[in-house]
Number of protein chains: 2
Amino acid sequence: MSEATRAPVARALNVLEAMNAAHSLHLGEIAERASLPKSSAVRLLDQLVEAGYVEKLSRSAGYRLTSRVQRLSWGFRLSDAVVEVAEPLMREFTKKHRWTLFIGVAEGDRMIVRYGTVAESPVAIDPLIYEAPTPFLLGALGLAYLAFCPDWERRAIIARLGRSRSATDRLARNPDDVMRILNGIRKRGYALTSDEVRQLANTSPKSAADGRRRVTGMAVPVMRGDRVLATVSLRFMRSVIGEQEAAKTLLEPLRDLARDIEIETHRLTDAGRE
Amino acid sequence: MSEATRAPVARALNVLEAMNAAHSLHLGEIAERASLPKSSAVRLLDQLVEAGYVEKLSRSAGYRLTSRVQRLSWGFRLSDAVVEVAEPLMREFTKKHRWTLFIGVAEGDRMIVRYGTVAESPVAIDPLIYEAPTPFLLGALGLAYLAFCPDWERRAIIARLGRSRSATDRLARNPDDVMRILNGIRKRGYALTSDEVRQLANTSPKSAADGRRRVTGMAVPVMRGDRVLATVSLRFMRSVIGEQEAAKTLLEPLRDLARDIEIETHRLTDAGRE
DNA sequence: TCCCATTATTCCGTTGAACGGAACAGCTGC
DNA sequence: GCAGCTGTTCCGTTCAACGGAATAATGGGA
């Protein structure tokens with residue numbers, strides 16, 4: 001028992017990683033890549049065989065991963081990767097520019113806020129509710145998603161929203177209005193909470209959306225090909241900085257942030273092994 | 001300490017699987033899905049966090065998988081899945097029809113024999129060498145691959161073989177001959193070792209291929225869309241059963257086998273979770 | 001605002017599983 | 001046939017894993 005943390009699970013996972021990275025799957029190489037004595041490697045491999053993740057072929061052929069290893073990462077989606085890489089970048093952004101950021105992903109017929117830099121911002125605007133679902137049409141996050149997602153996806157979502165029981169979703173009943181607003185967003189390159197929502201809300205007298213909101217969200221998409229992986233929204237108070245000025249000074253950094261997230265996500269999910 | 005195998009690694013892997021399958025990732029659900037007492041679940045989750053596979057968000061938000069889980073199955077390719085599902089089906093086939101089967105996948109500029117039902121066959125023809133690489137042009141396995149793979153892939157492989165130092169690969173120097181033979185195979189629906197190889201070998205006087213081989217391979221592809229995942233070859237002795245008769249009596253079962261492998265592979269790799 | 005039900009977290013004594021060095025066995029190639 | 005290498009098995013030691021129970025935090029409802 002020499003040095004590093006004697007933790008069987010970490011070692012076993014190291015073995016699995018080693019097998020995923022290795023070329024040949026002989027005991028020697030596995031043990032070496034996992035930095036384990038061979039006797040330990042054998043024991044752990046036996047357990048992995050027992051558990052069904054690894055198959056032992058023969059003495060000479062060594063071991064092989066089984067399809068069961070897929071179950072260990074099935075649930076990890078691209079949207080999780082985006083959020084993961086986005087978090088540190090978002091914190092950095094907020095430390096520099098003060099305003100709070102939120103990132104959201106689409107899930108079914110609504111946007112889910114997955115992270116926010118509330119703790120890093122000196123300006124406490126919104127509380128952070130993890131995994132908070134918000135209607136597509138009520139915030140910059142959702143509007144940005146709809147504006148930049150592929151056409152077929154946009155049609156599908158809006159059609160579904162129109163059939164929804166929720167009052168806010170039913171703003172999508174006039175697809176023409178929605179499409180006009182989304183076209184404006186696409187042309188401009190970013191979504192704003194206030195004006196677009198106000199426009200939609202006015203079509204329905206008793207809307208929950210309040211035209212006099214003090215806080216505005218400015219959102220841009222994080223793309224992957226033609227798909228929108230997530231949208232990032234910058235929240236600022238109109239009493240401090242007007243929308244014009246916000247767009248002038250903050251839009252560029254916000255777009256850079258989105259681009260950085262795209263690049264890092266790509267590296268994280270498509271990168272080779274080793 | 002109650003019942004089942006007290007093995008930390010198996011438990012930890014259960015936790016990971018549970019997290020991949022779960023909807024919400026609160027301690028309660030994770031522990032329940034993994035059939036663990038909560039205190040154990042916490043301990044294992046801590047280890048997974050420590051090892052970087054899981055992230056703890058907050059008390060209320062629970063846990064989340066990190067992108068690192070992908071490393072646990074990166075190396076598992078479709079070609080591995082094919083071989084895995086093929087093995088029991090091949091054994092069944094050989095028990096029924098006596099002759100030995102081999103399955104091979106393409107890897108770079110050669111075919112790799114990944115499994116053979118040598119143990120199940122009463123007729124000992126070939127030894128089984130796991131992971132044995134064989135040249136593309138020297139066996140039914142490789143010829144079947146080349147015949148049925150997409151056109152762009154065929155061109156690429158043949159071009160590369162033509163540049164190879166190996167004498168057998170260099171049979172691909174006359175692409176026209178090769179293409180003519182492959183066309184024949186495609187039209188017929190299966191590849192044979194003997195005649196095609198003899199034709200190629202004759203173009204090069206001192207070839208390793210022996211026209212008087214006693215054993216013939218009859219190979220069909222296992223497809224996925226337009227890609228060839230693997231090829232399966234039936235090996236029989238010409239002294240016992242002629243090629244005509246083999247095709248008449250064994251081709252149909254062989255094709256059924258290939259189809260079954262295709263179906264099962266699809267189920268294994270595309271199936272939903274839970 | 002307080003209280004209660006629910007859920008997460010921490011503690012701790014016990015125990016058996018994990019550990020690796022070393023001896024042994026099996027295969028390969030010279 | 002022998003030498004060298006690689007995988008396998010054995011075994012005494014030790015400490016990490018274990019889970020029940022006490023404790024703390026949370027959130028919802030009145």
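Just so we're on the same page: letters track the sequence lines, and every chain starts at 1. All heavy atoms count here, side chains included; hydrogens, waters and symmetry mates do not.
Between the CG atom of A:L45 and the P atom of D:dT6 there is a distance of 17 Å, given to the nearest Å. Between the NZ atom of B:K38 and the C1' atom of C:dA8 there is a distance of 6 Å, given to the nearest Å. For the pair A:Y63 OH and D:dT6 C1', the computed distance is 12 Å after rounding to whole Å. The CG-C1' distance, from B:L57 to C:dA8, rounds to 15 Å in whole Å. Rounded to an integer number of Å, the gap from B:R11 CZ to D:dA17 P is 11 Å. In this entry the distance linking CG of B:L25 with P of C:dA8 reads 12 Å, nearest Å. Atom CG of A:L27 and atom P of C:dG26 are 17 Å apart (whole Å). At whole-Å resolution of the value, CG in B:N14 and C1' in D:dA17 are 16 Å apart.
Residue B:R43 has no polar side-chain atom (N or O) positioned under 4.0 Å from OP1 or OP2 of C:dT9. Here A:Q47 does not reach the OP1 or OP2 of C:dA17: none of its side-chain N or O atoms lies under 4.0 Å away.
Under a 4.0 Å N-O distance rule, the pair A:E87/B:R64 qualifies as a salt bridge. B:E120 has no carboxylate O lying under 4.0 Å from a charged side-chain N of B:K95, or vice versa, which leaves the two without a salt bridge. Ionic pairing of A:R114 and A:D80 is present here: one or more N-O contacts between side-chain nitrogen and carboxylate oxygen are shorter than 4.0 angstrom.
B:S73 and A:Q70 share no donor-acceptor pair across their side chains, judged by distance under 3.5 Å alone.
When the nucleotides D:dA21, D:dA16, D:dT9 are ranked by their closest atom to the side chain of B:S39, D:dA21 comes out on top. Nearest to the side-chain atoms of A:L44 among the listed nucleotides D:dT8, C:dC19, C:dA8 stands C:dC19.
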